[in-house]
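The structure under discussion appears below in the form of structure tokens.
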Protein chains: 2
Amino acid sequence: MIDQPHPSAYITGMAAHHHHEHAGASLAQAAEAALVDAGEQWTDMRSDIFAVLATFEKPASAYDIADLVSQRRGKRVAPNSVYRILDLFVTTNLARRVESANAYIANSHPGCLHDCIFLICDSCGTATHIDDDALTMSVRAAAEHAGFAQVRPVIEVRGKCADCD
Amino acid sequence: MIDQPHPSAYITGMAAHHHHEHAGASLAQAAEAALVDAGEQWTDMRSDIFAVLATFEKPASAYDIADLVSQRRGKRVAPNSVYRILDLFVTTNLARRVESANAYIANSHPGCLHDCIFLICDSCGTATHIDDDALTMSVRAAAEHAGFAQVRPVIEVRGKCADCD
DNA sequence: TTAGCGATGTAATGTTGTAACGTTCATCGA
DNA sequence: TCGATGAACGTTACAACATTACATCGCTAA
Ligand SMILES: [Zn+2]
Ligand SMILES: [Zn+2]
Ligand SMILES: [Zn+2]
Ligand SMILES: [Zn+2]
């Protein structure tokens, strides 16, 4: 298990797309469904880590998560274990890594395969995300035109959010 | 000194744009000119760090650079010092930070203000770059439409380059 | 039963980034 | 000449992020 989705899935799956955003219990449920669907187990540890991750408004570092999960379980959970599960989440599309922040964010639409554009505020740290398939497909196309294959776009925009501006 | 260029500079400076790529001595010369133009000094240390940075085909970590510059000077240069100067380079557009690699790359067209799309090969690590102003301006526009200001796009594509594919 | 396997625990270590403060050197006005 | 100022760089220490290797536990197929 834990295979990367085939690139073509992006092409075909993109045309008619809802981009339905989950939140709260609905999100956890969708995440569990997506993980099980990928042939992976929804364990207590994974459930806790996802729950903690989903409470964050800002991208959370693995260490942030480790601290909170440790509290929640009343027993130290090492960053190591958190990284393992975050990697799984990223691979199965339950979470995204925000490269410009060395941190992770829950995917508000697990099971929905597409490239997201993340907006991260330099002041307050909050992250929101835009779905613009035309734009992200153009980026993919440009990279592929340059001879790249198996592309994975990283599109993030740093700046000041409306509240902090 | 060391001011961020005003966002509007991107708009106005973009229409008629050459995207001339420098290399080797020409690049170092262009970098020096750009730095001096920004009101900063072109010191021996900065010259050495830029020279080392420019030899890399792949994004170079500050520590990589520190090692090579230490060799070149026959005296230990702490990563700290390298970071200081890399930050200056990034601010003045002599270098770019590749967020998805925690590393830096010399800007092949210093003095030329625009967003670059970096392509980084997951296998060999080499980085190339595409200039597609229509695309990058669309990303800026999307972020601004979402209420973001002073935006700084981070557009990178991970994948397999033509050689490694 | 027990061999295998997936998930998690533990410990150690490696890599990347920052903070605080000291030294050197050029410039400049008194 | 002298002391003040400020930029560049040095030194040390530490914080934050990430990986590696190996151990343990519990489940289940042979
Ligand atoms: Zn969607
Ligand atoms: Zn904000
Ligand atoms: Zn250009
Ligand atoms: Zn390659």
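In what follows, every heavy atom counts, from backbone to side chain, and hydrogens, waters and symmetry copies are set aside. Numbers restart at 1 for each chain; the letters A, B, ... are given by sequence-line order, proteins then strands.
- No salt bridge links B/K160 with B/D165; every basic N to acidic carboxylate O contact stays at or beyond 4.0 Å.
- Atoms CZ (A/R76) and P (C/dT8) sit 16 Å apart, rounded to a whole Å.
- When the C1' atom of C/dA7 is taken as reference, atom CG of A/L88 falls 11 Å away, rounded to whole Å.
- One interatomic measurement links the two molecules: CD1 of B/I65 to P of D/dC9, which rounds to 15 Å at whole-angstrom precision.
- Along DNA chain D, the nucleotide nearest B/S81 and the nucleotide nearest B/Q41 are compared for position; the residue whose nucleotide lies closer to the 5' end is B/Q41.
- Look at CD on A/E99: it is 16 Å from C1' on C/dG17, rounded to the nearest Å.
- For C/dG14, its base never sits under 3.5 Å from the side chain of B/Y63 at any donor and acceptor pair.
- For A/N102, taking side-chain heavy atoms from C-beta onward, the closest of the listed nucleotides C/dT8, D/dA18, D/dG10 is D/dA18.
- If you check D/dC9, D/dG10, C/dG9 against the side chain of B/K75, the one that comes closest is D/dG10.
- Among the protein residues, B/R84 comes within range of the nucleic acid bases, having at least one heavy atom under 4.0 Å from a base atom.
- At the heavy-atom level, B/R97 lies under 4.0 Å from the strands shown only through sugar-phosphate atoms.
- Here the P atom of nucleotide D/dA16 and the CG atom of A/D67 are 10 Å apart, to the nearest Å.
- Centroid-to-centroid, the aromatic rings of B/F89 and B/F50 come within less than 6.0 Å.
- Checked for salt-bridge contact, A/E99 and A/R97 meet the test: a charged N lies under 4.0 Å from a carboxylate O.
- For A/H114 and A/D131, the side-chain atoms include at least one donor-acceptor pair closer than 3.5 Å.
- Listed nucleotides C/dT8, C/dT10, D/dC17 differ in distance to A/Y83; the shortest reach to its side chain belongs to D/dC17.
- Note on ring orientation: taking the six-membered ring where Trp is involved, the planes of B/Y104 and B/Y83 are perpendicular (angle over 60°, cut-offs 30° and 60°).
- Comparing C/dT8, C/dA7, D/dG10 against the side chain of B/M45 picks out D/dG10 as the nearest.
- As rounded to whole Å, 12 Å separates atom C1' of C/dT8 from atom CG of A/D44.
- Residue A/T43 places at least one side-chain N or O closer than 4.0 Å to OP1 or OP2 of C/dT8.
- Residue A/N80 places a side-chain atom within donor-acceptor reach of the base of C/dT10, judged by atom type and a 3.5 Å distance cut-off alone.
- Comparing A/P79 and B/R73 along DNA chain D, the residue whose closest nucleotide (by nearest heavy atom) sits nearer the 5' end is B/R73.
- Among the nucleotides C/dT16, D/dA8, D/dC17, the one closest to the side chain of A/S61 is D/dC17.
- Residue B/L86 contributes atom CG, which lies 11 Å from atom P of C/dT18 at whole-angstrom precision.
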